[in-house]
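Input: a single structure, listed below in structure tokens.
FYI, side chains are in, hydrogens and waters are out, and symmetry mates aren't considered; it's all heavy atoms of this structure. Bear in mind that the values here come from a model prediction, so they are computed numbers and not experimental data.
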Amino acid sequence: MDPSTFKSVRYQTSTDGKVAYITLNRPDQHNAIDQHMPLEIRAAVRIANVDPNVHCIVLKGQGRGFCGGYDLNIYAASAERGKTEGSQDLSRGYEPFQDYLLMKECTNCYSELFRSHKPTIAQVHGAAVAGGSDIALCCDLVVMADDARIGYPPSRVWGCPTTAMWAYRVGAEKAKRMLFTGDLISGSEAAAMGLVLKAVPPSQLEDAVNLLVDRIKTVPVNQLWMQKQVINSTIEGSMESSQRLATIFDGITRNSPEGVDFQQLARRDGFKAAISVRDGPGRTEEYRKTWKSVL
């Protein structure tokens, strides 16, 4: 795929050619995921991998944030037609295999960041929410602005994180805490939890990533590849199993009785109203302060 044909992603390299930059490029939609973005992320990673000059890859978002998840306008528009994008018309029953094929393709595209022969670094500002967190957490390293937010609210209703990276990053208990609640946490909280490598003030985010990249790009490409292969091999088998199960369950959550109720609410009152109902209970300021101190 020619980068000049990309619709939702921008690809470029640094002046010295040693760093590839992949920028999610739908700023007016908070870089929300459309039908082009997963495929273009995968294509961009593959372009960087075959470029002998590139040592590492930086993934970031254009505009106000990293990625707000799947495009709400697409969801809302299709909800008005009686169903939401990625779910099915259930009048003839739920067809899990077709749903799996669709979502597994997205999962595979994001996982290209994990499988990449060259190190991948996510530079997160604003928000990496829902599908946006799937993308960020597939990177080898994540550096966040301390006021940025990350989490997977659809774990409350209507979603399961298909890339299944949470437990591999923070262990079973903290992963359960995040997915049982669907909470969003700040970059500072994510760093304290061990979910991401580092959190810095927003004004220092780019400098912090550049400092890391400048160090990495002095290592030979073959050395970087070997170190990554050794580490990735410790989780690759179990990760593939986790992603397969998570992708199946993602389809079920969108077509369960509660998922159908959520779709009907979205159709009646709008998708954002449905999200407000889903994500609102228990999210008081007292709750947030208490858990911030715990984390």
Side-chain angles (χ1 to χ4, degrees), residues 9 11-14 18-24 31 41-42 44-46 48-49 51 54-61 65-67 109-129 131-152 161 163-171 174-175 178 185-202 204-236 239:
V9 163
Y11 179 87
Q12 58 192 138
T13 56
S14 58
K18 292 187 176 183
V19 185
Y21 292 95
I22 302 172
T23 305
L24 308 182
N31 298 318
I41 289 172
R42 177 166 64 187
V45 172
R46 290 179 175 178
N49 272 280
D51 185 338
V54 170
H55 286 235
C56 60
I57 301 166
V58 174
L59 177 68
K60 57 186 178 178
F66 180 80
C67 178
C109 288
Y110 307 148
S111 297
E112 198 77 16
L113 293 156
F114 174 84
R115 292 190 298 264
S116 167
H117 300 317
K118 299 174 182 182
T120 55
I121 302 101
Q123 177 179 314
V124 176
H125 74 294
V129 177
S133 68
D134 277 331
I135 295 172
L137 296 180
C138 279
C139 290
D140 299 313
L141 307 172
V142 182
V143 180
M144 290 183 68
D146 54 20
D147 64 349
R149 296 171 300 149
I150 191 168
Y152 198 88
T163 61
M165 294 302 298
W166 290 86
Y168 298 111
R169 285 186 169 271
V170 295
K174 288 187 175 67
M178 291 300 299
I185 59 174
S186 69
S188 296
E189 293 170 303
M193 180 189 286
L195 181 66
V196 304
L197 177 68
K198 190 175 182 65
V200 298
Q204 299 176 23
L205 179 60
E206 188 169 352
D207 287 342
V209 172
N210 287 339
L211 186 66
L212 185 61
V213 164
D214 285 344
R215 182 67 172 162
I216 292 172
K217 73 182 186 181
T218 62
V219 178
V221 171
N222 57 29
Q223 284 287 127
L224 294 170
W225 171 73
M226 286 185 280
Q227 309 310 331
K228 180 166 179 174
Q229 294 310 302
V230 169
I231 296 168
N232 277 14
S233 68
T234 65
I235 64 172
E236 281 174 336
M239 190 182 78

Contacts table for residues 210-218: side-chain donor-acceptor under 3.5 angstrom, sequence neighbours left out:
{"residue": "N210", "atom": "ND2", "partner": "E206", "partner atom": "O", "Å": "3.3"}
{"residue": "D214", "atom": "OD1", "partner": "K217", "partner atom": "NZ", "Å": "3.4"}
{"residue": "K217", "atom": "NZ", "partner": "D16", "partner atom": "OD2", "Å": "2.8"}
{"residue": "T218", "atom": "OG1", "partner": "R215", "partner atom": "O", "Å": "2.7"}

[X] side-chain N/O to [Y] backbone N/O, donor-acceptor pair under 3.5 Å:
| X | Y | result |
| --- | --- | --- |
| D146 | S188 | no |
| S133 | Y152 | no |
| Y110 | C138 | no |
| Q204 | P201 | no |
| S111 | F114 | no |

Legend entry - side chain to side chain donor-acceptor pair (under 3.5 Å) contacts in which one or both residues fall within residues 112-122, not counting sequence neighbours: R46-E112, N49-S116, E112-R115, T120-D140
Write down the atom of [X], the atom of [Y], and the distance for their closest heavy-atom approach.
| X | Y | answer |
| --- | --- | --- |
| V219 | H55 | O-ND1, 2.8 Å |
| A190 | I150 | CB-CG2, 4.0 Å |
| K198 | A191 | C-CB, 4.2 Å |
| P161 | D134 | CB-OD1, 3.5 Å |
| L205 | A145 | CD1-N, 3.8 Å |
| A136 | A122 | O-CB, 4.0 Å |

For [X], check side-chain contact (heavy atoms from CB on, under 4.5 Å) against everything at least two apart and list the hits.
| X | result |
| --- | --- |
| Q227 | Q223 |
| A44 | F6, Y11, I22 |
| A167 | A175 |

Legend entry - Residue pair K174 / R169, side-chain heavy-atom distance below 4.5 Å: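 Side-chain contact under 4.5 Å: no.
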Legend entry - Close side-chain approach of L141 and P119, heavy atoms under 4.5 Å: no
Inset, instruction - Take atom NZ of K228 as the centre, draw a 6.0 Å sphere, and report whether it contains more than 12 heavy atoms from other residues, nucleotides or ligands. - result: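 Counting neighbours around NZ of K228, more than 12 heavy atoms of other residues, nucleotides or ligands fall under 6.0 Å, so yes.
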Legend entry - I135/L59 under side chain to side chain contact (heavy atoms under 4.5 Å, CB included): CA gap, chis, key distance, verdict: CA-CA 9 Å; I135 295 172; L59 177 68; 3.5 Å; yes
Inset, instruction - Verify side chain to side chain contact (heavy atoms under 4.5 Å, CB included) between W166 and L195, making sure each step is shown before the conclusion. - result: CA-CA 8 Å; W166 290 86; L195 181 66; 3.5 Å; yes
Inset, instruction - Begin from the C-alpha positions of F66 and L24 and carry the test side chain to side chain contact (heavy atoms under 4.5 Å, CB included) through to its verdict. - result: CA-CA 7 Å; F66 180 80; L24 308 182; 4.2 Å; yes
Inset, instruction - Could you please spell out the steps behind the side chain to side chain contact (heavy atoms under 4.5 Å, CB included) verdict for V143 and V196? - result: CA-CA 6 Å; V143 180; V196 304; over 6 Å; no
Legend entry - R149: partners by salt bridge (charged side-chain N to carboxylate O under 4.0 Å, His left out), with sequence neighbours left out: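 Expected list: none.
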